[in-house]
Each structure stands twice: as C-alpha cells, then as structure tokens.
**Q** 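Below: one structure in structure tokens.
Note that the structure is a prediction, hence the values are computed from the model and not measured. A, B, ... follow the sequence lines: proteins, then strands. Residue 1 opens every chain.
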2 protein chains.
Amino acid sequence: MSAAPNPQQNHLLAALTNEVLERLLPHLELVDMPLGMVLYESGDTLRHVYFPTDSIVSLLYVMESGASAEISVVGNDGVIGVALFMGGESTTSRALVQSAGSAYRVLGKRFKEEFNRHGDMLQLMLRYSQALITQMAQTAVCNRHHSIDQQLCRWLLLSLDRLRDNKLAMTQELIANMLGVRREGVTEAAGKLHRQGVIDYSRGLITVLDRAKLESLSCECYAVVKRETDRLLP
Amino acid sequence: MSAAPNPQQNHLLAALTNEVLERLLPHLELVDMPLGMVLYESGDTLRHVYFPTDSIVSLLYVMESGASAEISVVGNDGVIGVALFMGGESTTSRALVQSAGSAYRVLGKRFKEEFNRHGDMLQLMLRYSQALITQMAQTAVCNRHHSIDQQLCRWLLLSLDRLRDNKLAMTQELIANMLGVRREGVTEAAGKLHRQGVIDYSRGLITVLDRAKLESLSCECYAVVKRETDRLLP
DNA sequence: GGCTGTCTGTGCGCTACCGTACAGATATAA
DNA sequence: TTATATCTGTACGGTAGCGCACAGACAGCC
C-alpha cells in the first residue's frame with residue numbers, strides 16, 4: 001500500500017468507459033484487506049462486489065472433512081462476487097484474502113443497478129466470468145495431472161502477477177491449504193526451488209529470484225490461463 | 001431416441017416464456033449426436049449453441065501430453081457454448097458427445113440476437129453459467145481429494161441423472177479418459193461396484209442396479225452440485 | 001536472559017495410483 | 001468357422017503423496 005489507492009489500479013474498473021465509471025465512483029468504498037480476512041463463506045448471501053487494487057483473494061473450497069482447495073485466485077485483474085450478477089446471490093466457495101492490501105467494494109444492489117443497464121459493465125463482467133471459468137477448468141486438470149512441484153511454481157507465478165514486487169507474505173502452511181496438499185509437501189517442493197536458486201524464503205516471506213526459471217519449471221497451466229485471460233481482457 | 005424429440009425436453013428451453021421460445025423456435029435445428037462426435041475443439045470459434053434433449057456432452061480438457069480430464073457434463077439440463085454469449089467466442093476445452101442422442105442447435109448469431117434483448121434468455125443463461133461454475137469448482141476439488149472409487153460413483157450418478165433409463169453405453173476406457181485416470185483403475189473400481197451388486201456391465205454397456213447404494217458410495221461432490229443446480233435452476 | 005508460539009526441515013511406513021505387460025472374453029468381419 | 005479387433009481382468013514393481021512424529025530455527029514477549 002505504498003502508492004495511494006486508486007480505482008484504476010483494478011484493471012476491470014480501468015477498462016470501463018468514463019461514463020460508467022463516473023456513475024459507479026460515488027458508490028465505491030475503499031476497504032482494507034488484511035491477510036486471512038474472509039469476504040464470504042460458502043452459502044453466504046453476498047453483500048458486496050470487491051475490486052482488489054493490490055490485494056489478492058483466493059476462492060477456496062472447503063470440504064466436509066475440512067480439506068480445502070483453491071479454485072481461483074483474484075487480484076487487480078478481477079472482481080470477487082460474480083454470483084451476485086449471475087443471479088445466484090451465493091456460491092459454494094469461500095473468499096479469503098491471501099495477500100493483504102486494499103480493494104474497492106460496491107454494495108450488491110448498487111452494482112446490479114449498473115449491471116442491469118446492460119451496457120459496458122455487462123459485457124465486461126461476462127468476459128471476466130469466462131476468464132474465471134477458464135481458470136477453474138485449468139485448476140481441475142492441474143489437480144488431476146501435475147506434481148506438487150509444478151503446481152507450486154504455477155501458484156507462485158499466479159500470485160506474482162498480481163503483486164507489485166517479487167515478495168509474497170505467505171507461510172508454507174497456507175500455500176498447502178491453497179493447493180490442497182500437505183504442508184510437508186510444500187516444504188519439500190520449496191526446498192528444491194531454493195536449492196536451484198529460484199526462490200528464497202524464511203518464516204512466511206517468499207522472494208522470487210529467478211522468474212524465468214520458475215516459468216520453465218511450472219506446468220503448462222499457468223501459461224494457458226494467462227494467454228486466455230489476456231485474450232479475453234486486453 | 002424412442003420418444004419424438006421436442007425442444008421442451010431440454011430444461012432450459014422449457015423454462016423460457018412462450019414469447020421467447022416462439023421467437024427461437026424457427027431457428028432451432030434438430031441434430032443427431034452420435035457417440036464420440038466433437039462439437040468443438042479447444043480454440044475453435046463456436047458456430048452453434050446446443051441444447052441436448054437426450055444426449056450427454058462432456059466438456060473435456062486435453063493437455064499437451066495428451067492426458068485429459070472432464071471439466072463438466074451437460075445433458076438436457078443445460079446448454080453447450082456459453083463462451084458465445086460470454087464474449088470469448090472460443091474456449092480451452094473440447095465438447096465431446098459422451099452419450100448418443102439428439103440436440104437442438106441454434107446459430108450463434110441468431111442466439112446472440114435473443115440474448116442481446118437482455119430479457120429472460122439473459123437471466124437464464126447467467127444462472128446456468130453459475131451452475132456450470134459450481135460444477136467445475138467441485139470437479140477441481142474432487143480431483144484433488146477423492147479416490148477413483150468415489151469419483152466413479154459421482155460420474156455414474158451425473159450421467160444417470162441425464163438419461164431416461166438406467167443404462168449407459170460407455171466403455172471403461174472412455175470413462176477413464178473422462179476421469180483422467182488409467183483404464184485399469186476404472187476396471188478395478190467398477191469390479192468392486194459389481195461385486196457389491198450396485199452395477200452390472202459388459203462390453204460398453206453399464207446398468208445401474210442400486211442407485212441408493214451408488215449415492216452412499218459417492219463423495220459429497222455429487223450431492224453438492226445437484227443441490228446447487230436445483231437451487232439455481234428450479 | 002529465558003519462555004513460548006510459529007515456521008520449517010526430516011524421517012518413516014503406508015496406500016493409492018501409475019506404467020507396463022499380458023491373458024481371457026466377447027463382438028464383428030471374412 | 002476362423003480371424004481380428006475391442007473390451008475387460010489381473011498382476012507386479014515403482015513412486016508420489018499421505019499421516020504421523022519430532023527436531024531445530026527463529027520471532028516476539030515477559
């Protein structure tokens with residue numbers, strides 16, 4: 001939160017025409033997003049739509065057993081709360097702040113007013129929804145076919161793209177929850193990356209040293225999602 | 001295909017108001033959907049939107065290595081080609097006919113004309129999209145945490161719900177492709193179900209004998225998706 | 001300083017699933 | 001009938017990841 005927050009830091013808000021943005025601005029509320037904050041739980045009626053500026057939010061699914069897995073990750077490239085305009089009002093996932101920062105939020109009711117004008121906002125939200133679908137689909141196959149080593153690389157890259165610098169405040173325990181694996185599995189994978197000089201870390205602070213190497217060690221899933229997202233939301 | 005095909009066999013078409021349906025009817029084309037037919041490949045520009053009556057279509061992701069995994073399954077409860085109205089025109093997945101039958105299709109252009117009236121069709125498609133998102137998310141976590149045995153049960157139930165009778169024309173090889181596992185893994189899981197009297201099968205024809213048992217052996221994922229789908233699309 | 005809680009590293013047996021190989025069974029074609 | 005392709009069953013070694021247990025490292029607090 002070094003720079004003063006600005007709605008335009010969120011790519012979706014920045015992509016709106018001035019006309020739409022100016023209608024929305026009075027309803028935008030800047031909120032602090034501390035690590036671990038839960039925006040909503042599975043089944044909750046959504047009250048707001050969130051546009052992160054420098055924070056990152058994970059859409060996390062928690063099972064009956066308590067085991068969890070990340071479905072999608074949203075930063076300044078997206079919005080949290082698509083279920084609001086989809087018409088469902090709630091989802092089966094939890095939205096959890098994975099990297100602290102800030103976000104702009106709008107009351108669901110106000111947001112729907114703009115959405116229901118069936119103009120730019122509708123088009124933009126539809127395209128974003130497809131990007132979200134792509135990411136979820138890729139997560140599903142990645143969970144099926146790729147090793148923890150590869151998935152950790154993918155996950156680091158996804159987070160990195162949504163941050164200003166190359167540092168992530170994140171313990172291995174939390175990463176394990178996101179990936180839906182054991183903490184020890186993350187420790188081993190991170191150890192390998194460390195030995196190869198790709199990352200450095202200590203007590204919850206990860207520094208990426210060699211992004212190119214990270215990309216080469218990642219599975220195809222990162223690149224596929226990035227390419228498709230860039231295509232849908234230029 | 002015993003009964004004469006009728007657009008109303010598709011739940012989404014049946015949910016439309018008469019006004020909308022009558023506008024759409026002249027553009028609906030009944031098509032045969034043979035097993036193995038590919039409606040579109042990853043990256044293809046979608047030409048039609050498909051509303052299955054008694055056929056079942058799998059949205060399948062195929063990776064660089066050739067390995068695959070099913071992302072979602074669509075029958076008379078849904079529609080294939082959401083990317084058309086989302087604005088992307090293409091997706092990263094393949095649409096494959098998993099159970100033969102028929103479907104009604106509409107040219108993308110005609111469909112978008114109705115969609116862009118921003119009436120019932122828009123609302124319905126948005127709600128369906130959320131149901132699709134729910135299914136994909138559940139698939140992702142299921143791939144991470146559940147055994148082949150459980151997933152086979154889930155998969156059989158999903159298929160069963162979209163068929164008229166309790167018979168599936170499906171080889172173990174094909175099921176393995178859908179689940180993204182080895183064919184031998186499916187053979188073993190199916191063998192267990194057979195020994196328990198839950199299913200019977202031979203050479204590509206599976207008969208479900210004890211649906212209740214199947215549900216009890218399945219992971220929670222089936223019920224979660226069904227409950228949420230019923231909520232979104234009553 | 002010492003105490004305590006959190007984070008990371010490591011080891012070990014276990015299981016599910018994979019890759020591979022091959023054999024038997026059943027349908028279709030010659 | 002025989003031949004061939006397809007489908008299913010079984011076996012076996014290899015391995016990635018799990019559950020569990022515990023040890024060391026580092027930070028903050030008293």
**Q** Does E215(A) come within less than 4.0 Å of R211(A), counting only side-chain N to carboxylate O?
**A**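 A salt bridge is present here (some side-chain N lies under 4.0 Å from a carboxylate O).
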**Q** Expressed in angstrom and rounded to an integer, what is the separation of N143(B) atom CG from dC17(C) atom C1'?
**A** 14 Å
**Q** May I have the distance from H194(A) (atom NE2) to dA25(D) (atom C1'), rounded to whole angstrom?
**A**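 Between C1' of dA25(D) and NE2 of H194(A): 14 Å.
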**Q** Between Y201(B) and dA25(C), is there a side-chain N or O to OP1/OP2 distance below 4.0 Å?
**A** no
**Q** Taking CZ from R195(A) and P from dT8(C), how many angstroms apart are they, rounded to a whole number?
**A**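 Going from CZ in R195(A) over to P in dT8(C) covers 15 Å.
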**Q** Counting distance alone, no hydrogens or angles: does the base of dA21(C) have a donor or acceptor under 3.5 Å from a partner atom on the side chain of E184(B)?
**A** yes
**Q** Does E184(B), at its CD atom, have more than 12 non-hydrogen atoms belonging to other residues, nucleotides or ligands within less than 6.0 Å?
**A**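 Atom CD in E184(B) is packed in, count exceeds 12.
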**Q** With a non-hydrogen cut-off below 4.0 angstrom, is T187(B) in contact with a base, only sugar-phosphate, or nothing?
**A**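 Base, at least one base heavy atom under 4.0 Å.
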**Q** Figure out the CZ/C1' separation between R182(A) and dG13(C), and round it to whole Å.
**A** 12 Å
**Q** Take the protein atom CG of L152(A) and the nucleotide atom P of dA16(D), then report the distance between them rounded to whole Å.
**A** 16 Å
**Q** If you look at every heavy atom in L35(B) and S99(B), which pair is closest and at what distance?
**A**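 Nearest pair, atom of L35(B) first, then S99(B): CD1-N, 4.2 Å.
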**Q** Describe the nucleic acid contact of G204(A) in one word from base, sugar-phosphate, nothing, applying a heavy-atom distance below 4.0 Å.
**A** sugar-phosphate
**Q** Which heavy atom of G197(A) sits nearest to which heavy atom of L209(A), and what is that distance?
**A** O-CB, 3.7 Å
**Q** Return whichever of G180(A) or G191(B) has its heavy-atom-nearest nucleotide of DNA chain D closer to the 5' end.
**A** G191(B)
**Q** How close or far is atom P of dG11(C) from atom CZ of R183(A), stated in whole angstroms?
**A** 14 Å
**Q** Under 3.5 Å, is there a donor-acceptor pair between the R231(A) and S90(B) side chains?
**A** yes
**Q** Under 3.5 Å, is there any donor-acceptor pair linking the side chain of R203(B) to the base of dT6(D)?
**A** yes
**Q** Looking only at side-chain N and O atoms, does Q172(B) come under 4.0 Å of OP1 or OP2 in dT6(D)?
**A** no
**Q** Output the rounded distance in Å from NE2 (H145(A)) to P (dA16(D)).
**A**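 Rounded to the whole Å, the gap is 17 Å.
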**Q** In whole angstrom, what separates L205(A)'s CG from dG28(D)'s P?
**A**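 Computing the L205(A):CG to dG28(D):P distance gives 13 Å.
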